[in-house]
Trainee: 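The structure is given below, and queries will be raised subsequently.
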Amino acid sequence: MLRFSIAARGFRQQLQRCAAAARCQPPLPVPPTTRCFAMSAAAQDGQSVDALKRRVREEVKAALRALSTEQMAAESEAIAARLLASRAFADAPHAVIYVHCAKLREVDTTAVLQAAMDGHKRLYVPRVLDSDANMHFLHLDGWAALEAVPPFGIREPRPTYDDGTPRQDVLLVDEPLELVVMPGLAFDRTGRRLGRGGGYYDKFIEAARAHATARGWEPPLLVALAFRAQMVGEVPVQPHDVGIDAIITADEVIACSPAGAAALGGSGSGGGGSGGGSGGAT
Ligand SMILES: Nc1nc2c(c(=O)[nH]1)N(C=O)[C@@H](CNc1ccc(C(=O)N[C@@H](CCC(=O)O)C(=O)O)cc1)CN2
Ligand SMILES: Nc1ncnc2c1ncn2[C@@H]1O[C@H](COP(=O)(O)OP(=O)(O)OP(=O)(O)O)[C@@H](O)[C@H]1O
């Protein structure tokens, strides 16, 4: 687990307050559809939390840069094996799965995407929609449908099928979505997640939950894949940050909510529903 080496004293004090607040306030057991984070003690001042987030992002990016290609491949293989062996994967006829970007040093999802296609799951992958951090998830029917999109070279699905008709959008079809496999930069064991700062996934999950709730469906299970170097003591959060149900690393499955524990087992605080993180779930 990566330990923060935050030099500035103010940052360290804020992190300590944050940890103390988390220790003193046991998480409230709330249903997954409403799980979200209350601002922790360190998060009273939005600017400070943004600064804390930036600092953690830099720390984790540095740790990721130190990983060798072989190390990333070995961890990715173990992580994929855990996900593919899980009930969460088997029980998901419809799944959203990210397409990993090697340049961003993300856990490789090639084997997972291939297994989903081979297993005839209805598979959806992300395509950024606009400069306002909106993305949608389009049906993927084969590797040839992906194209590398600037500026980061992330492979995204072409907006139309070969015959020119629009590719199906997971939130525009009348089908449930059971599983979301998501990337991120940093995670902690209670299910707090830090992304790359766009708010893309937070916004999408909010929309996906509303989509499910409006139709009386269960919300999708949120599973993140992480290198060991991406696990930190505590991720600083704000109210809009979505708590996830489980994290899969090369060493273990960490269940962060009752739903995560039921679908993936593993260690962690799943029984207590602590995906709500710092306790003030609203
Ligand atoms: N594989 C993958 N696909 C994804 C995401 C992702 O994180 N991973 N996204 C999830 O949101 C969306 C794309 N958003 C992204 C946001 C920032 C960066 C990025 O490279 N940021 C640089 C910093 C850039 C800067 O500072 O200007 C970085 O993180 O180093 C990449 C993708 C949709 N698709
Ligand atoms: N549900 C939402 N609705 C509107 N804005 C949001 C939502 N979630 C996040 N944002 C905004 O997105 C910006 C980035 O948020 P944050 O730093 O938490 O992103 P992140 O979790 O790192 O990114 P991502 O979700 O893409 O992985 C913030 O300005 C935040 O206010």
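Atoms within each ligand, like the ligands themselves, are counted from 1 in listed order.
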Trainee: Rounded to the nearest 0.5 Å, what's the gap from CG on D163 to OG1 on T165? Could you check?
Mentor: 3.5 Å

Trainee: Name the residues in contact with ligand 2, where contact means a heavy atom under 4.0 Å away: which are they?
Mentor: K53, R57, R193, G195, R196, G197, G198, G199, Y200, Y201, D202, K203, E206, H240, D241

Trainee: Report the distance from atom SG of C101 to atom CD of E156, rounding to the nearest 0.5 Å.
Mentor: 10.5 Å

Trainee: Test of understanding: clusters of I, L, V, M, F, W, Y form through side-chain heavy atoms closer than 4.5 Å, transitively. Do V96 and M117 belong to the same one?
Mentor: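 Result: yes, single cluster for both.
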
Trainee: Please give me the minimum heavy-atom distance between F89 and I97, naming the atom from each residue.
Mentor: CE1-CD1, 4.3 Å

Trainee: Give every pair formed by an N or O atom of ligand 1 and a protein N or O atom closer than 3.5 Å, one pair per line with both atom names and the distance to 0.1 Å, or write none.
Mentor:
residue: ligand 1; atom: 1 (N); partner: V99; partner atom: O; Å: 2.8
residue: ligand 1; atom: 1 (N); partner: E106; partner atom: OE1; Å: 2.7
residue: ligand 1; atom: 7 (O); partner: E106; partner atom: OE2; Å: 3.4
residue: ligand 1; atom: 8 (N); partner: E106; partner atom: OE1; Å: 3.4
residue: ligand 1; atom: 8 (N); partner: E106; partner atom: OE2; Å: 2.7
residue: ligand 1; atom: 29 (O); partner: K61; partner atom: NZ; Å: 3.3
residue: ligand 1; atom: 29 (O); partner: R196; partner atom: NH1; Å: 2.7
residue: ligand 1; atom: 30 (O); partner: K61; partner atom: NZ; Å: 2.8

Trainee: How long is the gap from CD1 on I244 to CD1 on I205, to the nearest 0.5 Å?
Mentor: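 Going from CD1 on I244 over to CD1 on I205, the span is 10.0 Å.
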
Trainee: When E178 is tested against each of P219, P220, P93 for side-chain contact (heavy atoms from CB on, under 4.5 Å), which residue passes?
Mentor: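 When side-chain contact (heavy atoms from CB on, under 4.5 Å) is applied between E178 and each of P219, P220, P93, only P93 qualifies.
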
Trainee: Please check if the number of heavy atoms outside D162 that lie under 6.0 Å from its CG is greater than 12.
Mentor: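 No, because the 6.0 Å sphere around CG of D162 holds 12 heavy atoms or fewer from other groups.
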
Trainee: Say you draw a straight line from OH of Y124 to CG of L171; how long is it, rounded to the nearest 0.5 Å?
Mentor: 9.5 Å

Trainee: Less than 4.0 Å between a side-chain N and a carboxylate O, is that true for R192 and D241?
Mentor: no

